Student: 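Before I ask anything, here is the structure I am working with.
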Protein chains: 2
Amino acid sequence: MKFSPLVDELIHALKGLPGVGPKSAQRMAFQLLERERKGGLALADALQQAMSDVGHCHTCRTFTEEHQCAICASPKRNLAGQICVVETPADVLAIESGGHFNGRYFVLLGHLSPLDGVGPDELGLTLLEQQLASDDINELILATNPTVEGDATANYIADIARQHEVKISRIAHGVPVGGELEYVDSTTLALSFNGRLPL
Amino acid sequence: MKFSPLVDELIHALKGLPGVGPKSAQRMAFQLLERERKGGLALADALQQAMSDVGHCHTCRTFTEEHQCAICASPKRNLAGQICVVETPADVLAIESGGHFNGRYFVLLGHLSPLDGVGPDELGLTLLEQQLASDDINELILATNPTVEGDATANYIADIARQHEVKISRIAHGVPVGGELEYVDSTTLALSFNGRLPL
């Protein structure tokens with residue numbers, strides 16, 4: 001025996017969220033039913049609207065319900081002529097929280113992964129190439145993750161970009177600030193030696 | 001700068017779920033937007049329906065969208081004449097998963113906590129007393145949690161029940177099966193000695 005059909009359905013639907021198991025889903029459902037009916041309805045509304053209305057920015061492919069996202073729509077961000085390529089919208093937020101980058105972004109929404117059916121088309125590389133071909137862009141910064149797939153994707157995009165007149169760079173990999181050399185893996189250490197800068 | 005308004009709103013609403021922080025909420029929102037739009041809409045529907053339609057069983061106060069829950073509606077469960085008092089609907093599920101109890105439940109939806117404004121009325125004790133006064137019930141099993149509040153609630157309910165002709169019992173507290181004496185706290189050990197059964 002389980003709970004009533006509607007409660008069971010709610011628990012089942014909550015289990016679909018990443019990182020939520022059966023026990024957490026049950027706890028969430030009861031908390032909402034007991035104390036947060038308003039919050040539950042607000043969440044239902046927010047989900048409904050976001051799932052139906054949020055699409056992709058026509059310039060950088062990040063999530064937005066507008067034609068262009070706020071960054072792409074800002075004339076200031078186009079002045080630098082820089083495009084930073086990242087894998088996910090969360091990466092955009094991470095870079096924006098630093099506030100040191102003034103150019104635009106291009107969000108791949110993934111990385112090259114032929115076995116999963118993710119090729120250049122899925123990553124919107126045609127759209128990126130059109131932007132590189134325009135006169136506005138003079139630098140391409142590749143900020144995909146430092147993983148095998150991220151590196152492969154960065155190299156693939158660099159090959160495309162070489163056909164256009166743009167500077168191409170990859171963000172530096174090395175010892176993170178506050179980290180201790182002793183605990184950094186050897187690959188990262190090797191990369192930090194390769195990427196050393198003159199003082 | 002943050003994400004677009006709809007995405008921000010979704011992340012904010014997801015943060016309202018228990019155990020979900022800003023980073024998890026962001027991950028959930030992106031996962032739903034990227035890969036699970038159908039699941040997201042299903043969750044919105046389930047939330048909407050559950051928040052609007054799920055009420056309380058008129059007999060035992062557990063969550064149900066019907067007038068009575070499945071257990072209270074089953075004639076078999078009334079034969080034993082036993083009522084088990086628990087704090088939450090999740091406790092009902094825990095006891096039901098054992099399958100050893102054949103009576104009905106009464107769900108307090110909390111415990112006595114005067115400072116939080118939770119008194120006998122909030123726990124539905126009038127409804128419980130009406131049921132105890134009827135001829136159907138001959139045993140009351142108190143299965144509130146073995147905490148200070150749970151014990152106080154159990155004692156309060158026992159006082160009420162003594163005015164009616166019912167057997168009153170409290171579930172046993174002691175060393176859990178599979179546990180080791182060495183690691184059991186002294187209060188539990190003392191309770192397990194007090195509650196020892198003749199062999």
Side-chain angles (χ1 to χ4, degrees), chain A residues 1-14 16-20 23-24 26-34 36-55 57 62-66 69-71 74 88-90 92-93 96-97 99 109-110, chain B residues 1-14 16-20 23-24 26-34 36-55 57 62-66 69-71 74 88-90 92-93 96-97 99 109-110:
Chain A
M1 118 99 211
K2 279 279 189 174
F3 304 102
S4 68
L6 283 186
V7 180
D8 273 348
E9 213 169 281
L10 176 59
I11 294 176
H12 180 79
L14 284 166
L17 294 171
V20 177
K23 278 273 170 191
S24 313
Q26 194 178 301
R27 198 160 60 97
M28 286 175 177
F30 287 145
Q31 164 121 351
L32 290 174
L33 285 169
E34 268 171 53
E36 302 249 27
R37 299 240 173 177
K38 267 195 188 166
L41 286 173
L43 176 55
D45 270 2
L47 273 167
Q48 178 79 48
Q49 278 200 37
M51 295 300 125
S52 325
D53 296 351
V54 172
C57 170
T62 195
F63 291 123
T64 180
E65 60 270 26
E66 311 285 341
C69 71
I71 295 181
S74 154
T88 69
V92 173
L93 192 72
E96 283 298 294
S97 72
L109 297 172
Chain B
M1 118 99 209
K2 279 280 187 170
F3 304 102
S4 68
L6 283 187
V7 179
D8 273 348
E9 212 169 282
L10 175 59
I11 294 176
H12 180 78
L14 284 167
L17 294 171
V20 177
K23 278 274 170 190
S24 312
Q26 193 177 302
R27 199 161 60 96
M28 286 174 177
F30 287 146
Q31 164 120 350
L32 290 174
L33 285 168
E34 268 170 51
E36 301 250 26
R37 299 240 173 179
K38 268 194 189 167
L41 286 173
L43 176 55
D45 270 0
L47 273 167
Q48 177 78 50
Q49 278 200 37
M51 295 300 125
S52 326
D53 296 350
V54 171
C57 170
T62 195
F63 291 124
T64 181
E65 60 270 28
E66 311 287 340
C69 71
I71 294 180
S74 155
T88 68
V92 173
L93 193 71
E96 282 299 293
S97 71
L109 297 173

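Throughout, protein chains are lettered first and strands after them, A, B, ... in sequence-line order, and every chain is numbered starting at 1. Note that this is a predicted model, so its numbers are computed, not measured.
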Student: Let me confirm one number: the CG-CE distance from B:Leu41 to A:Met51, rounded to the nearest 0.5 Å.
Tutor: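 The CE atom of A:Met51 is 7.0 Å from CG of B:Leu41, to the nearest 0.5 Å.
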Student: Could you have a look at A:Gly19, A:Pro5, A:Gly99, A:Gly16 and say which one has the most heavy-atom pairs with chain B under 4.5 angstrom?
Tutor: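 Top option by heavy-atom pairs under 4.5 Å: A:Pro5.
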Student: Flag the one option from A:Arg27, A:Lys38, A:Glu9 with the top tally of heavy-atom pairs under 4.5 Å to chain B.
Tutor: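 The candidate making the most pairs under 4.5 Å is A:Arg27.
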Student: Walk me through whether A:Leu43 and B:Leu17 qualify under side chain to side chain contact (heavy atoms under 4.5 Å, CB included).
Tutor: CA-CA 9 Å; A:Leu43 176 55; B:Leu17 294 171; 4.0 Å; yes
Student: Given heavy-atom pairs under 4.5 angstrom as the criterion, report whether the side chain, backbone, both or neither of A:Gln26 touches chain B.
Tutor: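 Interface part for A:Gln26: side chain.
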Student: When rounded to the nearest 0.5 angstrom, what is the spacing between CD in B:Glu96 and CZ in A:Phe3?
Tutor: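 That separation rounds to 10.0 Å.
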Student: Can you tell which part of A:Ser24 gets under 4.5 Å to a heavy atom of chain B, answering side chain, backbone, both or neither?
Tutor: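 Answer is neither: A:Ser24 stays 4.5 Å or more from chain B.
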Student: Heavy-atom pairs under 4.5 Å with chain A - which of B:Ala44, B:Ala46, B:Cys57 has more of them than the others?
Tutor: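 Answer, by heavy-atom pair count under 4.5 Å with chain A: B:Ala44.
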Student: So which of B:Thr64, B:Val54, B:Leu14 has the biggest tally of heavy-atom pairs under 4.5 Å with chain A?
Tutor: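 That would be B:Val54.
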Student: Once rounded to the nearest 0.5 Å, what's the spacing between atom CZ of B:Phe63 and atom CG of A:Leu6?
Tutor: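 That separation rounds to 12.5 Å.
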Student: Nearest 0.5 Å, what's the CG-CZ distance between B:Leu47 and A:Arg37?
Tutor: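 One finds 11.5 Å between CG of B:Leu47 and CZ of A:Arg37.
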Student: Would you mind telling me which of B:Gln31, B:Glu66, B:Glu36 has the largest number of heavy-atom pairs within less than 4.5 Å of chain A?
Tutor: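 The answer is B:Gln31.
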Student: Any idea which heavy atoms bring A:Ser4 and B:Glu65 closest together, and the distance?
Tutor: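 Closest approach of A:Ser4 to B:Glu65: OG-OE1, 2.6 Å.
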